[in-house]
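To start, the structure itself, in structure tokens.
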Amino acid sequence: MAGIRRSGIIDLRSDTVTLPTEEMLEAIRGAELGDDVYGEDPTVNRLEEMAAKKMGKEAALLVPSGTMANLVSLISNTKKGDCVILEAESHIYWYEVGGISAIAGLIPWPIRGHMGALDPKDVEAAIKPRDIHFPETMLVCIEDTHNRAGGTVITPQQIEALSKITREYGLRLYMDGARIFNAAVALKIDVRELARHVDNLMFSLSKGLCCPVGSVIVGDSDFIERARKIRKMLGGGMRKAGVIAAPGIIALEKMIDRLEEDHENARLLANGLADIEGLYVDLRRVQTNIVLVDISGLGANSDMFIAKLRERGLLASNHSKTIVRMVTHYGIKREHIEKALTIIEEATRELRSKK
Ligand SMILES: Cc1ncc(COP(=O)(O)O)c(C=O)c1O
């Protein structure tokens with residue numbers, strides 16, 4: 001069956017391991033195609049129109065990955081040498097190979113947030129005064145949900161408060177919304193509420209929404225026109241990209257509401273983990289599909305713990321030396337969580353006995 005791995009392994013490393021549904025595979029086969037660099041792929045055009053409408057913005061652009069979406073957006077929002085304020089644990093800062101500096105030529109200005117959210121006062125204090133010595137601060141980036149904070153949700157109120165500052169100082173506000181639909185589902189609000197106060201944003205198709213490839217950038221028409229050119233410059237002009245867009249359309253139509261199931265499974269997992277001796281979970285952070293578990297009470301490090309789980313057919317990922325990340329997704333059902341908890345219980349018992 002599509003969407004579920006056949007091997008029997010329970011893979012909680014990330015929601016990027018999701019597989020496309022049967023319906024997506026059929027849609028790929030039947031997609032009407034054309035050369036998208038000429039703007040002639042009807043399936044891509046349809047996805048981009050749908051995405052813009054869904055976010056309440058003027059236009060959208062399909063790109064191959066979340067990393068490219070962020071890079072294209074950074075470049076399209078700034079000029080070389082500008083300063084970009086972003087959260088210190090953000091994906092752009094941690095996991096995008098320094099493209100913000102190496103390719104975009106920008107100066108990242110990291111600020112530590114609270115559960116992933118930037119404090120407007122800290123942002124205001126970090127904006128460079130106009131002075132011959134300083135680079136110009138041009139952009140503030142937020143991340144919703146915030147991956148390294150544990151899938152925490154940034155609310156429309158928090159975004160609006162930041163947008164007041166960015167508007168006052170003539171800056172732009174950009175959202176890495178790779179998992180924005182998880183945030184909208186968790187808050188039970190229309191995703192437009194989250195998109196409203198940012199100038200532009202991106203979201204991923206290839207994570208919880210199960211598409212094989214793709215992210216979408218959304219914003220006003222001028223910005224998207226610039227982004228289209230930058231995408232081409234970076235080699236992201238994809239010819240018959242309707243094969244990517246076709247499952248994206250299914251994702252937007254059918255895969256959003258079910259994210260609630262992933263959130264329920266994450267809560268089930270988190271509560272189970274919190275009951276296991278030697279493990280600690282900050283349950284306040286378990287707001288969507290990500291669970292961070294602190295294993296320092298076992299006297300082991302994350303790599304040792306992950307190896308013990310792997311031996312038993314459970315995959316998790318390393319967040320830090322003593323924190324392990326587990327992510328729920330379409331390929332994970334309630335029974336997988338129950339089995340995962342049994343495996344974790346056994347592994348922790350073994351590690352505790354060696355302490
Ligand atoms: C918050 C966030 N932004 C961006 C990305 C990058 O997406 P991609 O893996 O498609 O490049 C990820 C990937 O996990 C992510 O979690």
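Counting starts at 1 for both ligands and their atoms, in listed order. Just so it is clear, the structure is predicted and the values come from calculations on it, not from any experiment. Values reported hereafter were calculated over all heavy atoms of this structure, with side chains retained and with hydrogens, waters and symmetry mates removed.
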Margin query: Please determine whether the number of non-hydrogen atoms from other residues, nucleotides or ligands lying under 6.0 Å from atom NZ of K128 exceeds 12.
Written below: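 More than 12 heavy atoms, drawn from other residues, nucleotides or ligands, come within 6.0 Å of this atom.
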Margin query: List the residues meeting ring-ring contact (aromatic ring centres under 6.0 Å, His included) with H91, not counting sequence neighbours, and say none if there are none.
Written below: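 By the ring-ring contact (aromatic ring centres under 6.0 Å, His included) rule, H91 matches Y95.
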Notebook entry, point to check: Are E124 and Y169 close enough that a side-chain donor and a side-chain acceptor fall under 3.5 Å?
Noted result: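 Their side chains do contain a donor-acceptor pair, which is all the 3.5 Å distance test asks for.
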Note to self: Under the ring pair (Phe, Tyr, Trp, His ring centres under 6.0 Å) definition, can you give me all pairs with a residue in residues 193-239, not counting sequence neighbours?
What the structure shows: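 Checked against ring pair (Phe, Tyr, Trp, His ring centres under 6.0 Å) - neighbours excluded - the pairs reaching residues 193-239 are F181-F203.
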Check: Is the backbone N or O of R267 less than 3.5 Å from a side-chain atom of N271, with the two atoms forming a donor-acceptor pair by type?
Finding: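 Side chain of N271 to backbone of R267, a donor-acceptor pair under 3.5 Å: yes, one is there.
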Next item on the list: Sequence neighbours left out, what pairs pass side chain to side chain donor-acceptor pair (under 3.5 Å) with at least one residue falling in residues 294-306?
Entry: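 Matches after skipping sequence neighbours: D294-S296, D303-N318.
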For a distance cut-off of 3.5 Å, show me each N or O of ligand 1 paired with any protein N or O, plus the separation.
| from | atom 1 | to | atom 2 | distance (Å) |
| --- | --- | --- | --- | --- |
| ligand 1 | 3 (N) | D176 | OD1 | 3.1 |
| ligand 1 | 3 (N) | D176 | OD2 | 2.6 |
| ligand 1 | 7 (O) | K207 | NZ | 2.9 |
| ligand 1 | 10 (O) | G66 | N | 2.8 |
| ligand 1 | 11 (O) | G66 | N | 3.3 |
| ligand 1 | 11 (O) | T67 | N | 2.8 |
| ligand 1 | 11 (O) | T67 | OG1 | 2.6 |
| ligand 1 | 16 (O) | N147 | ND2 | 3.1 |
| ligand 1 | 16 (O) | R179 | NH1 | 2.8 |

